A.B. asks: 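Structure provided below as structure tokens; questions to follow.
Chain letters run A, B, ... following the sequence lines, proteins first, then strands; residues in each count from 1. Only heavy atoms go into these numbers, but all of them, side chains included; no hydrogens, no water, no symmetry mates. Since the model is a prediction, treat every value here as computed from it, not as a measurement.
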Amino acid sequence: MLAYLIRRLFNAVITLLVVTAVTFGIFFLVPKATGSDPALLYIGKTSDAASVEGIRIKMGLNDPIVVQYGKFLKGLVAGRDYANGPDVQHCPAPCLGYSFKTDQEVTPLLMGDLPVTLSLALGAAVLWLIIGISTGVISALRRGTILDRSVMGAALAGVSLPIYFTGLLTSAIFVYWLGWLPQGNYVPFTENPGEWFVQLLLPWITLAFLFAATYARLTRANMLETLGEDYVRTARAKGLRERTVIGKHALRSGLTPIVTIFGLDLGALLGGAVLTETVFNLRGLGYQALTAIRGNDLPIILGVTLIAATFIVLANLVVDLVYGFIDPRVRLA
Amino acid sequence: MAGAIVVIFLIIVAVLAPVLTKWFGHPIDEYHIDQIDPTFSTPIGKFGGISREFLFGVEPTSGRDVFSRILYGAQTSLSVAFLSALLSTFLGTIFGLAAGFLGGWVDAVISRVMDFLLAFPQLLFAIALVSVLPDSFLFFGDRWSRVFVLVGVIGFFGWPYIGRIVRGQTLSLREREFVEASRSMGARSGRILFKELLPNLAAPILVYATLIIPTNILTEAALSFLGVGIPPPNPSWGGMLSDAVTFYSIDPMYMIIPGGMIFITVLAFNLFGDGLRDALDPKAR
Amino acid sequence: MASKKRVMAAAGVAITLGLTTAACGGGSDSDDKGGNSGGAAGYNAAITGVVNPSTTKGGTLNLWSSQDADSWDPVRGYYAFVWNLNRLYTRKLVDYSAAPGKDGLKLTPDLAAAEPEVSADKLTYTFKLRDGIKFDDGSPITSKDIKYGIERVWASDVLSGGPVYLPGILDPDKTYKGPYKDTDPNKLGLKSVTTPDDKTISFKLTKPSGDFLYLLAMPGSGPVPQKRDTGAQYGKKPASSGPYMFKDIQPGKSASWVRNPNWDPATDPIRKALPDAINLTITTNADDLDSRLLAGTADLDVGQVGVQAAARTKLLSDPNLKKNADNPVSGFLRYAGITPVAPLDNIECRKAVIYAADPTALQAAFGGPLAAGDIGTSMLPENIAGSDANYDPFNRKQGKPQVDKAKEALTACGKPNGFDLTITARNNRAQEVKAAEALQASLKAVGINAKIDQYDGAQQASITGSPDNVKKKGYGIIMAAWAADYPTGSGYMQPLSDSRFIPANGNYNLPEIKDPAIDELFDKANVEPDPTKAAEYYKQINTKIMEGAYYLPVVSAKALNYRNPRLTNVYIHDTFGQVDFQALGVNDGK
């Protein structure tokens, strides 16, 4: 078990290294391909030659790419200094770099955005798990009824609706026409929990609806499959109560694939729900990343990519571990 | 069935877009400033300016014909979705087969690459890549060049999904009796691959290829929504939705029409794909 | 939005300061334009006069913005609203008067006790400072602090982002390397600025300049105490010489100010300092900001770029809301620069482009007459001396494309069937892209096939600002906008049309105009002490630019802004094209 864990963690670190290296490579090459100088990206309107050179020195842009990548890794573990003569700026570990465009260190910047994304993703996940699985199970048990058909119809509609449409539609209805909810403007939980809740309600529901649809379809399909398995029939034949049959036997193995999907979905969302955050004006990791990509702000892109990939890799790991608990057939080795 | 009918209808509409536009609409880049209230930038007519002249209304600020733009948007949307599904399927089948059939280090490497691609924040990378890749090459105009760029990016990020399924199926098929039998009879790898494995893989590949089309439509629309879609003045549904963000509270029709089109199209493909799966894979019903 | 500074033109200031009127301070002297001096609210009331004049102190001013400041460091900020907000905490030797209308374009001695003494050769300016001027920590502001602040302009390698004008006049060869590389123990090594005593500061120019005082009025010319300078980090906690000092700065979220106890109103002829505290909240949702404004929970949008389309509809259809709105000219011109990429190197082909463009469709793309502004006719904004609102050489005001004239020009250019070209627009400016599409559609009507190239606006300096790149990529038409950094004809037009202003990167003379006559006119205007005569030169330059068909003027920008009815002393400051933030107060004491 321990050996397995160590091996997985080692693999995870390698994957993350490759992700950062590829990101670094791509975004190093992007300015080259468009024929622009990364230093110029940072200074805005002025084209003063001294400013450009100053930034080059401070950011280490004169170094070859490998050296720059090495410095990035060093900053991550040990922190680094951005120096231009007497002007020295220390960036403590884990240093994800310094965004000259926003004139801020990336680590605290992204840590400031993380709660937004966490609130969004976790809140929506709770909702979609409850709604998705329960409707899926009910549908499976009441297979063929009107209830089943209408739930599955709604679910199919749900998976066919893009969030950038439903998001606009729900805000138009609930914010503009009915006036039930305020204009989107995130308020931290620590500042005002009530306001935080109200602000996130619409994004949660909209996002959860899309995912719940997928989960309902998946749960129903899996349930139907397991309900047809021999051991469930055996359990029924033994005269066990229906609730026990469903709860203890069918649901347990029927849910295993859901865990996998859930882990991956949540991992991906935690790395930034670009579209949801854009539509609802939530300044989370996804929003930040999008802005950074449009502005070629490499340190921020790199930071978000690393965080996002970390979440996905971790989610994979956790999923595999959880697997071992709910499905005894899976052996971790 | 309903899905298939709508899908066929949409394809016909997209192909006939130039003719239909000529009969029932206006050129996609023709301005009708007289249809717009200069103070508010919104259409003068009710419901987004819908009239006999402009079947789906007009675009805010410019007065361009929404009907024509929706039709040409269908061209973009469907061609990107189909071609990228084709690309994903092609790559996914090749790599999935190779991994499952050859096993060993080939399998290890391919599986690793697939894991790695799935661990990538894909939408962000798609945006970044689309904005760097050239927007006109060979003899294609900037519209079709961008279509191919989108196909390349969406198709590339889509192959691991197919690849995983093909690999899994190949692994289980490889151990089946009929493959064992033909191998013991001395059949060469090529023969086993193409005569034994591929025919048995065709059904699931077809189903999943169909099912990634709606996903691709959504991805294309998302990229256009985020501003890296087809270059103007060529229309795309996602791009129209992104323009609608400014006006959705005062001119909701301009949001509802492209949004509704995306919804109907994706729904139709999902229904079609589900139906296909049920027909080809009775167990999943 | 505003990536460029803007300042509009003074009618009557070049070297002599308009000292007398505004020296007693405030907005009471507002009525010389014959406008609203009664102070009642009304649509556009703040353009001509002061709305709700008051001297009541107290309360908290709630400012909002949908964009964070580029930097709070006076030398690094470049946004118009940031320069405007700098007036709260940065005093300069001279600053713009606090008055509506053209009076706001005049400079008033601020830290200086009086107008400078100017030597006969117009090369030496000597200022005496006021008594009793102090920083927020109580230490007196000396001439050395001012010199040190000005020296920081030279350190653009460390302090990037702001304008770098002064070295061009005081040290064109840049022999001074900025205070951080200064070998002088007091870090006061800049030779051309001398401080014989704590109350005197003297500048030695290398050539006469009619613009010099405007450069001293920029925030970057304000005093900075050397012991509190933290280099690139200074913007996190700048010292204050004005009536308010920073209490807190949260990048991307907020900034707040409280009264500076060491500021003495008797030393300050400009600032009123009515509220006890000022908060600036930054939101990512412009619609949220609008709804707060209309609901009265936010006082003012400091961006001053106008409300969004949704709020525009609401505001204009309700007379009770409309009376709290203003639609001032912002000082920005939006235009399309026509580059020398063939066949646009031929004047007739350029004329074809200008005639073919549909003025109304372009205006609509930016939001119509209220949100976008009036149709542009020439390259000098209306408030700059020398401009003429009736000068419309291409007959654009009538609002229709002139296809026949365009075709004639095409024939004269030798391209009767049209040609291909590329239009660029910044991808972070949706309206600019829409305008490019409108232009594309109207060019198509005369056979000119345009392709639109969108690029990252943040990389402007190296993409459209690089003549080499423009040539390489074949960019024919570049959509752009410009506002003056200081209110003179040369402040506005020189970067756009002087052949000596074509750097390898960050070029704004997009057509790469190389007309010796224009250069010569600038030289004459810059040494002309009489502003009326200088204005005549600027008028000629504008005519020459238009006759060369180098630019397609699109709109003279306006913005529809809302002010909370509880605000007092609201007026549009013509220098910024925005409400004068420092003059504001609140009438309910909250």
A.B. asks: Please determine whether the number of non-hydrogen atoms from other residues, nucleotides or ligands lying under 6.0 Å from atom NZ of K471(C) exceeds 12.
C.D. replies: no

A.B. asks: Measure distances from A310(C) to the heavy atoms of chain B and classify the residue's part below 4.5 Å as side chain, backbone, both or neither.
C.D. replies: both

A.B. asks: OG1/T313(C) to CD1/I250(B) distance, rounded to the nearest 0.5 angstrom?
C.D. replies: 3.5 Å

A.B. asks: Between A364(C) and T61(B), which heavy-atom pair has the shortest distance, and what is it?
C.D. replies: CB-O, 3.4 Å

A.B. asks: Test side-chain contact (heavy atoms from CB on, under 4.5 Å) on E30(B) and K444(C) and set out the steps.
C.D. replies: CA-CA 10 Å; E30(B) 192 176 277; K444(C) 197 178 160 191; over 6 Å; no

A.B. asks: Would you kindly say whether S41(B) and R312(C) are connected by a side-chain donor-acceptor distance under 3.5 Å?
C.D. replies: yes

A.B. asks: Look up atom CD in Q431(C) and atom OG1 in T246(B), then write down how far apart they are to the nearest 0.5 Å.
C.D. replies: 8.0 Å

A.B. asks: Given that the side chain runs from C-beta out, which part of D251(B) has a heavy atom under 4.5 Å from chain C: side chain, backbone, both or neither?
C.D. replies: neither

A.B. asks: Is it the backbone or the side chain of A430(C) that comes under 4.5 Å from a heavy atom of chain B, or both, or neither?
C.D. replies: neither

A.B. asks: Which one of A438(C), A445(C), P369(C) has the most heavy-atom pairs closer than 4.5 Å to chain B?
C.D. replies: A438(C)

A.B. asks: Once you round to the nearest 0.5 Å, how far does OH of Y31(B) lie from CD of Q440(C)?
C.D. replies: 8.0 Å

A.B. asks: Measure distances from F247(B) to the heavy atoms of chain C and classify the residue's part below 4.5 Å as side chain, backbone, both or neither.
C.D. replies: side chain

A.B. asks: In Å and rounded to the nearest 0.5 Å, what is the OG1 to CD1 distance from T360(C) to I36(B)?
C.D. replies: 12.5 Å

